Amino acid sequence: MKFIYFLAYRIFAAVFVRTFYNPDEFFQSMEVAHRMAFGYGAITWEWKEGLRSFLYPLIISFVYWILEALGLDQPYNLILAPRLMQGTLQAIGEYCFVKFIRKNFGNRIANMTTFFLMVNFFNFHIGVRTLTNSIEMSLLLIVLYLYPFSFEKGRSYWQYMIVAALAFCIRCTCIVIFIPLGVSHLVRDWTNFWKSFRIAIGPSLLLLAASTAVDSYFCERFVFNPYHFFMFNVYNQGSTIFGVEKFTYYLTSVIPDQLHILTLPFVLQWFSMFRRKKDGQLEILWQIAGTYVFSLFVTSLNPHKEERFILPLLPLSIFMASVTVVQWEEWLIKNRSKVARFLIIWFCTTCFLSDSMLIIKKSRFDGRGRIDVTLRLAESLDEDRRIQGRTPSILFLGECYGYPLASVLHRKVASRFVNCADQLSFMSAPEAFLYNLIMNVGLDSDGITHILVTQTMYYWEMEGFTTSLGYSKDIDFGSNKLTHAKDDRHHDSLLLRRDYSERLTWFQPVNNTM
């Protein structure tokens with residue numbers, strides 16, 4: 001398949017995806033990039049502590065500069081353009097991966113892998129998002145294309161090492177994927193490994209030095225990101241504040257969820273590998289399987305787990321499942337089964353239909369309110385400036401970092417939101433929390449012009465209080481009937497706006513205790 005088809009499909013995916021998946025797709029990339037390009041944007045504590053690399057946001061900031069130069073820096077474009085960039089990177093990675101498979105396993109397995117890569121719902125709606133896991137996956141696929149699974153006499157293979165170094169600079173956790181590949185290269189031909197390493201070490205160190213310089217510049221102090229990341233997440237187990245899962249979480253929950261119907265052929269391939277006669281294809285399969293097992297094991301050692309952390313391993317899972325499906329087809333044909341083609345078509349059609357429904361659900365419904373309400377908020381802010389002649393300011397009440405800020409609003413306005421540490425206090429007593437917050441802001445009529453309530457159940461508890469302050473509903477994003485009961489990332493949202501013509505004090509203080 002030509003590259004243009006991969007590119008067109010991922011561009012379609014970038015446009016089709018309109019939902020909010022995880023705060024990190026904004027606060028670990030686009031918010032920081034917006035600050036680099038336009039001078040304002042949210043910076044969370046992780047960046048100040050040197051736990052994240054500024055390299056990926058810097059790449060996105062170039063996209064923002066181009067948009068600004070072309071006069072296209074509107075709110076929706078600020079979401080779409082980085083996703084188009086990431087979709088292009090994903091297309092490059094998948095094209096290289098399929099070329100690698102076609103070269104070593106033939107057209108049938110390559111075509112089957114291509115089909116399942118395209119229809120897999122998790123790959124579709126996560127791959128184009130601006131998560132560092134997404135670009136990590138794309139770079140891994142390029143590494144596999146460049147990696148010497150078989151050697152040509154006199155040739156060095158330094159290119160894959162440089163791409164691996166780039167991936168390490170962007171997200172240092174990817175080293176657990178590249179360690180088994182490097183060890184395998186060293187064991188199989190140590191002379192070729194050191195020859196390649198001597199060529200790659202210079203550019204790789206230059207990349208690491210440049211990445212460290214970028215991080216130190218934006219942190220305003222010397223920062224070596226891999227060290228700070230290791231000390232916080234591994235040595236001090238700091239990531240456990242974001243949640244803890246059992247050791248088998250990826251194996252028993254995430255992998256079946258990501259692969260869906262392909263879980264069965266994926267599992268069966270492990271048994272098939274033990275029974276298969278040794279040949280060149282089997283050796284490559286075992287190298288890929290060894291990389292998969294080592295990466296999954298090491299990643300599972302960290303108590304804090306998220307399904308996106310093993311996104312780079314998803315194409316490997318799909319490839320192994322595809323090998324099984326082709327083996328089924330060959331076995332049916334060998335046994336002269338009259339329904340061989342029908343059974344394979346039935347299986348592929350079932351995967352296509354089931355994953356298509358999940359693609360629509362995850363890409364168009366789950367969490368979409370968070371994006372839509374922020375885009376509507378940007379319009380409301382402009383209306384305030386134009387009609388009421390005031391400088392707007394926003395208060396986000398609800399989940400911390402639950403909504404994108406400058407990277408979607410693209411308006412330089414004062415913003416306040418509930419810190420993660422104060423989230424429990426707000427949820428237990430919303431009205432008292434709001435009262436104390438307003439008292440801290442002061443009785444200034446322009447103190448807070450908009451309030452975004454991320455769940456309407458909190459609004460009902462403080463409706464009388466907000467009404468007494470002059471706030472009224474601006475727009476009500478009702479809960480998604482399709483996913484409300486099952487998806488805790490999608491809640492009904494309510495935007496309040498204080499609309500007044502006279503300059504009055506906010507309210508007369510009343511007795512209100514926590």
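Keep in mind it's a predicted model, so treat the numbers as computed, not measured.
For Ser354 (side chain) and Thr350 (main-chain N/O), a donor-acceptor pair under 3.5 Å exists by modelled atom type. No donor-acceptor pair closer than 3.5 Å links the side chain of Asp257 to the backbone N or O of Ser253. Remark: side-chain polar atoms of His260 are not paired, donor with acceptor, to backbone N or O of Pro256 under 3.5 angstrom. Side-chain atoms of His228 do not come within 3.5 Å of backbone N or O of Leu51 as any donor-acceptor pair. Put simply, the side chain of Ser363 never gets that close to the backbone of Ile360: no donor and acceptor are under 3.5 Å apart. When atom types are taken as modelled, the side chain of Tyr292 and the backbone of Leu316 share no donor-acceptor pair closer than 3.5 angstrom. A donor-acceptor pair under 3.5 Å links the side-chain atoms of Thr19 to the main chain of Lys362, judged by distance alone. Side chain of Ser61 to main chain of Leu58: a donor-acceptor pair is present (N/O by atom type, distance under 3.5 Å, no hydrogens or angles). Side-chain atoms of Thr88 come within 3.5 Å of backbone N or O of Leu84 as a donor-acceptor pair. Counting only distance, with no hydrogens or angles, the side chain of Asp215 and the backbone of Val223 share no donor-acceptor pair below 3.5 Å.
No hydrogens or angles considered: nothing links the side chains of Tyr250 and Thr299 as a donor-acceptor pair under 3.5 Å. Judged by distance alone, the side chains of Gln74 and Asn77 do bring a donor and an acceptor atom under 3.5 Å apart. Side-chain polar atoms of Ser407 and Glu31 form a donor-acceptor pair below 3.5 angstrom. With no hydrogens or angles considered, a side-chain donor-acceptor pair links Gln90 and Asn123 at under 3.5 Å. There is a side-chain donor-acceptor pair under 3.5 Å between Gln86 and Tyr56.
Under the 30°/60° scheme for interplanar angles, the aromatic rings of His125 and Phe121 are found to lie parallel.
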I would like to know whether Ile60 and Val32 meet side-chain contact (heavy atoms from CB on, under 4.5 Å); could you show each step before the answer? CA-CA 9 Å; Ile60 297 176; Val32 183; over 6 Å; no
What do the steps show when you test Arg102 against Thr114 for side-chain hydrogen bond (donor to acceptor under 3.5 Å, both in side chains), and what is the final call? CA-CA 10 Å; Arg102 195 178 306 278; Thr114 301; 4.9 Å; no
Dump the intermediate steps for side-chain contact (heavy atoms from CB on, under 4.5 Å) on Arg368 and Phe20, then the final yes or no. CA-CA 6 Å; Arg368 177 165 178 166; Phe20 181 101; over 6 Å; no
Run the ring pair (Phe, Tyr, Trp, His ring centres under 6.0 Å) test on Trp47 and Phe54 for me, step by step, so that the C-alpha distance in whole Å, both residues' side-chain angles and the decisive distance to 0.1 Å come before the verdict. CA-CA 8 Å; Trp47 296 93; Phe54 282 86; 4.8 Å; yes
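Taking the six-membered ring wherever Trp is involved, the centroid distance between the rings of Phe105 and Phe319 falls below 6.0 Å. Taking the six-membered ring wherever Trp is involved, the centroid distance between the rings of Phe116 and Phe352 does not fall below 6.0 Å. For an aromatic pair to be called close, the ring centres must be under 6.0 Å apart, and Trp45 with Phe232 satisfies this. Close placement of the Tyr147 and Phe149 rings is indicated, their centers lying within 6.0 Å of each other.
Proximity of Pro57 to Met36: side-chain heavy atoms (C-beta onward) are separated by under 4.5 Å at one or more points. The shortest distance between side-chain heavy atoms of Ser295 and Thr291 falls below 4.5 Å. Looking only at side-chain heavy atoms (C-beta outward), Ile359 and Met357 stay at 4.5 Å or farther from each other. Looking at heavy atoms from C-beta onward, Phe97 lies in side-chain contact with Phe100 at the 4.5 angstrom threshold. Val17 has its side chain within reach of Phe124: a pair of non-hydrogen atoms, C-beta onward, lies under 4.5 Å apart. Residues Arg370 and Tyr21 form no side-chain contact, since every pair of their non-hydrogen atoms from C-beta on lies 4.5 Å or further apart. Annotation: side chain of Leu131 is not in contact with side chain of Ser29 (no heavy-atom distance under 4.5 Å). Thr212 has its side chain out of reach of Asn225: every pair of non-hydrogen atoms, C-beta onward, lies at least 4.5 Å apart.
In this structure, CG in Leu80 is found 9.5 Å from CD1 in Ile11, a value given to the nearest 0.5 Å. The distance from the CD1 atom of Ile142 to the CG atom of Leu146 is 7.5 Å, given to the nearest 0.5 Å. Taking CZ of Phe309 as the reference point, atom OG of Ser300 lies at 12.0 Å (rounded to 0.5 Å). Of the inter-residue distances, the one linking Ile371 atom CD1 with Phe26 atom CZ reads 3.5 Å to the nearest 0.5 angstrom. Taking OG of Ser239 as the reference point, atom CD of Gln237 lies at 6.0 Å (rounded to 0.5 Å). Atom OG of Ser317 sits about 6.0 Å away from atom CD1 of Ile255, to the nearest 0.5 Å.
Smallest separation of non-hydrogen atoms from Pro265 and Ile261: CD-O, 3.6 Å. Closest of all the heavy-atom pairs between Met30 and Pro82 is SD-CG, 3.7 Å. Here the closest non-hydrogen pair linking Phe242 and His304 is CB-CE1, 3.4 Å. Between Pro312 and Met137, the shortest heavy-atom contact is CA-CB, 3.7 Å. Residues Ala321 and Leu262 approach most closely at CB-O, 3.8 Å, considering heavy atoms. The minimum heavy-atom distance between Ala406 and Gly41, with the atom names listed, is CB-CA, 3.7 Å.
Other residues, nucleotides and ligands contribute only 12 or fewer heavy atoms inside 6.0 Å of the OH atom of Tyr217. No more than 12 heavy atoms of other residues, nucleotides or ligands lie within 6.0 Å of OH in Tyr145, so this atom counts as exposed by the packing criterion. Within 6.0 Å of CZ in Phe3 there are more than 12 heavy atoms belonging to other residues, nucleotides or ligands.
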Can you give the donor-acceptor pairs under 3.5 Å from side chains of residues 160-181 to other protein atoms, not counting sequence neighbours?
from   : atom 1 : to     : atom 2 : distance (Å)
Tyr160 : OH     : His185 : ND1    : 2.8
Arg171 : NE     : Glu136 : OE1    : 3.4
Arg171 : NE     : Thr173 : OG1    : 3.1
Arg171 : NH1    : Thr132 : OG1    : 3.2

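For Tyr401, the side chain to side chain contact (heavy atoms under 4.5 Å, CB included) test picks out Pro23, Phe27, Thr44, Phe417, Cys420, with sequence neighbours left out. With sequence neighbours left out, the salt bridge (charged side-chain N to carboxylate O under 4.0 Å, His left out) criterion links Arg308 to Asp24, Glu306. Judged as a salt bridge (charged side-chain N to carboxylate O under 4.0 Å, His left out), and not counting sequence neighbours, the contacts of Glu46 are Arg52. Legend: residues meeting side chain to side chain contact (heavy atoms under 4.5 Å, CB included) with His410, ordered by chain and number and at least two apart, are His34, Phe38, Tyr40, Asp73, Leu78. Applying the salt bridge (charged side-chain N to carboxylate O under 4.0 Å, His left out) criterion to Arg411, with sequence neighbours excluded, gives Asp382.
Salt-bridge annotation for Glu94 and Lys99: absent, with no side-chain N of the basic residue lying under 4.0 Å from a carboxylate O of the acidic one.
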